[in-house]
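Just so you know, residue 1 is the first one in the sequence shown, and it goes up from there.
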Amino acid sequence: IDITALPFLQNNPRGAIREVEAALNAETSPAFYFLLGNLYYQVGEYGQAEQNLRAAIQRFPSFRRAWRTLGLIAIQRGRYGDSIEPFLNVIKLGGGDAQSYGLLAYSYLSERKFQAALSAYEMARMFEPDSIDFRRGQAQALLAMNRANEAAALFDELLQAFPREETYWLAQANAYLQLERFDEAIANIEVVRSFRPVEPSTLFLLGNGAGAQAPARL
């Protein structure tokens with residue numbers, strides 16, 4: 001296959017897949033397996049995409065872009081634990097940008113590896129300090145680690161940007177409950193109550209602040 005034609009073939013990914021697969025042989029460059037993996041990713045055939053990306057990596061272990069796409073496939077398929085190794089390799093190979101650290105952090109958070117998630121979110125925020133997604137994830141990790149003061153402060157920042165975001169009010173209420181700052185937790189729940197009806201379990205906290213040890217729920 002003429003490599004100069006490849007960008008044009010990507011306008012017809014199914015046709016491009018046929019062309020590339022027909023050209024594969026024992027001497028095929030890792031770049032062609034990477035291309036084939038990305039074409040399969042483009043058409044949503046993630047199993048075939050992963051197989052070809054791994055073939056590229058087997059031939060060239062430092063293929064950073066192939067590792068990145070593998071990580072993205074794992075995220076797309078909800079296999080967050082499987083995305084950790086690819087994004088770690090992307091970072092080790094010099095691709096430590098906001099996306100890589102952010103997706104690594106999200107995967108750690110989904111796997112309940114809260115300290116690792118927090119560290120990755122902190123690195124992601126070095127590139128994008130004002131990112132809402134990164135601040136929210138960092139606050140969630142802090143809350144899960146019982147670092148409620150820091151979590152409450154981050155939710156303050158988020159609420160300044162999104163004052164009608166109910167999940168932030170309730171998450172901050174959970175932080176206040178950890179700190180036994182019951183009046184502030186109740187005030188947060190009252191704000192949510194002003195937006196819409198809330199669950200009975202949440203309303204219970206309004207009249208029983210001293211016993212409000214359980215997390216508030218939507």
Side-chain angles (χ1 to χ4, degrees), residues 71-72 74-76 78-88 90-91 95-199 201-206 208-218:
L72 292 172
I75 294 285
Q76 289 273 0
R79 290 165 32 193
Y80 302 111
D82 291 342
S83 75
I84 292 171
E85 180 191 11
F87 283 117
L88 283 174
V90 170
I91 291 166
D97 56 9
Q99 184 198 52
S100 299
Y101 279 112
L103 290 175
L104 177 63
Y106 181 74
S107 298
Y108 277 136
L109 189 65
S110 300
E111 293 294 300
R112 303 182 64 80
K113 297 180 179 180
F114 300 120
Q115 181 60 65
L118 181 60
S119 297
Y121 275 124
E122 288 171 345
M123 292 299 298
R125 288 194 65 191
M126 290 181 63
F127 295 92
E128 295 183 11
D130 297 324
S131 166
I132 296 297
D133 288 339
F134 298 162
R135 282 188 286 177
R136 180 176 61 240
Q138 189 176 1
Q140 291 171 337
L142 287 166
L143 193 57
M145 296 168 65
N146 297 319
R147 291 168 60 176
N149 267 319
E150 296 165 85
L154 265 178
F155 282 118
D156 265 337
E157 292 181 17
L158 291 167
L159 285 167
Q160 287 176 21
F162 298 96
R164 293 189 63 85
E165 180 53 60
E166 299 167 13
T167 57
Y168 298 161
W169 287 106
L170 288 175
Q172 190 181 55
N174 287 337
Y176 289 147
L177 291 176
Q178 286 186 17
L179 297 166
E180 299 186 359
R181 290 160 55 178
F182 301 122
D183 288 346
E184 290 164 281
I186 290 171
N188 276 34
I189 297 166
E190 283 282 16
V191 171
V192 175
R193 192 185 183 198
S194 74
F195 298 152
R196 61 158 177 82
V198 296
E199 287 187 355
S201 59
T202 302
L203 286 174
F204 174 76
L205 302 183
L206 294 173
N208 191 17
Q213 306 275 349
R217 297 193 299 274
L218 284 169

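The salt bridge (charged side-chain N to carboxylate O under 4.0 Å, His left out) pairs that include a residue from residues 137-148 are R147-E150, where partners are two or more places apart or lie in different chains.
Remark: S119 pairs with Q115 by the side-chain contact (heavy atoms from CB on, under 4.5 Å) rule, at least two apart or across chains. Contacts of E122 classified as side-chain hydrogen bond (donor to acceptor under 3.5 Å, both in side chains), with partners at least two apart in sequence or in another chain: none. Every residue two or more places apart in sequence or in another chain that forms a side-chain hydrogen bond (donor to acceptor under 3.5 Å, both in side chains) with D82 is listed here: R79. Taking the side-chain contact (heavy atoms from CB on, under 4.5 Å) definition, one finds that N146 meets it with Q178, sequence neighbours left out. The salt bridge (Lys or Arg N to Asp or Glu O under 4.0 Å) test applied to E111 returns no partner, not counting sequence neighbours. Residues passing the side-chain contact (heavy atoms from CB on, under 4.5 Å) test with L109 are F114, A117, Y121, Q140, A141, sequence neighbours excluded. Considering only residues two or more places apart in sequence or on other chains, Y80 meets the ring pair (Phe, Tyr, Trp, His ring centres under 6.0 Å) condition with Y106. Under the rule for a side-chain hydrogen bond (donor to acceptor under 3.5 Å, both in side chains), the partners of Q99 that lie at least two apart in sequence or sit in another chain are R68.
Nearest heavy atoms, W169 versus N188: O-ND2, 3.0 Å. The two atoms that bring A185 and A173 nearest to each other are CB-O, 3.7 Å, heavy atoms only. Minimum interatomic distance between A151 and A139 (heavy atoms only, all atoms of both residues): CB-O, 3.7 Å. Across all their heavy atoms, G71 and S83 have their closest contact at O-CB, 3.7 Å.
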Which side-chain N or O atoms in residues 153-165 pair as donor and acceptor under 3.5 Å with protein atoms at least two apart or in another chain?
from : atom 1 : to   : atom 2 : distance (Å)
D156 : OD1    : Q172 : NE2    : 2.9
E157 : OE1    : R135 : NH1    : 3.2
E165 : OE2    : T167 : N      : 3.4
E165 : OE2    : T167 : OG1    : 2.8

Mind listing the side-chain donor-acceptor pairs of residues 126-133 below 3.5 Å, one per line with the distance, residues two or more places apart or on another chain?
from : atom 1 : to   : atom 2 : distance (Å)
S131 : OG     : D133 : N      : 3.4
S131 : OG     : F134 : N      : 3.2
D133 : OD1    : R136 : NH2    : 2.6

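For the atom pair CG (L72) and CD (Q76), the distance works out to 7.5 Å, reported to the nearest 0.5 Å. The distance from atom CG of L104 to atom CD1 of I75, rounded to the nearest 0.5 Å, is 9.0 Å. The distance from atom CG of L179 to atom CG of N149, rounded to the nearest 0.5 Å, is 4.5 Å.
Side-chain contact between D97 and Y101 is absent, with no heavy atoms from C-beta onward closer than 4.5 Å.
A side-chain donor-acceptor contact under 3.5 Å links S100 to the backbone of G95.
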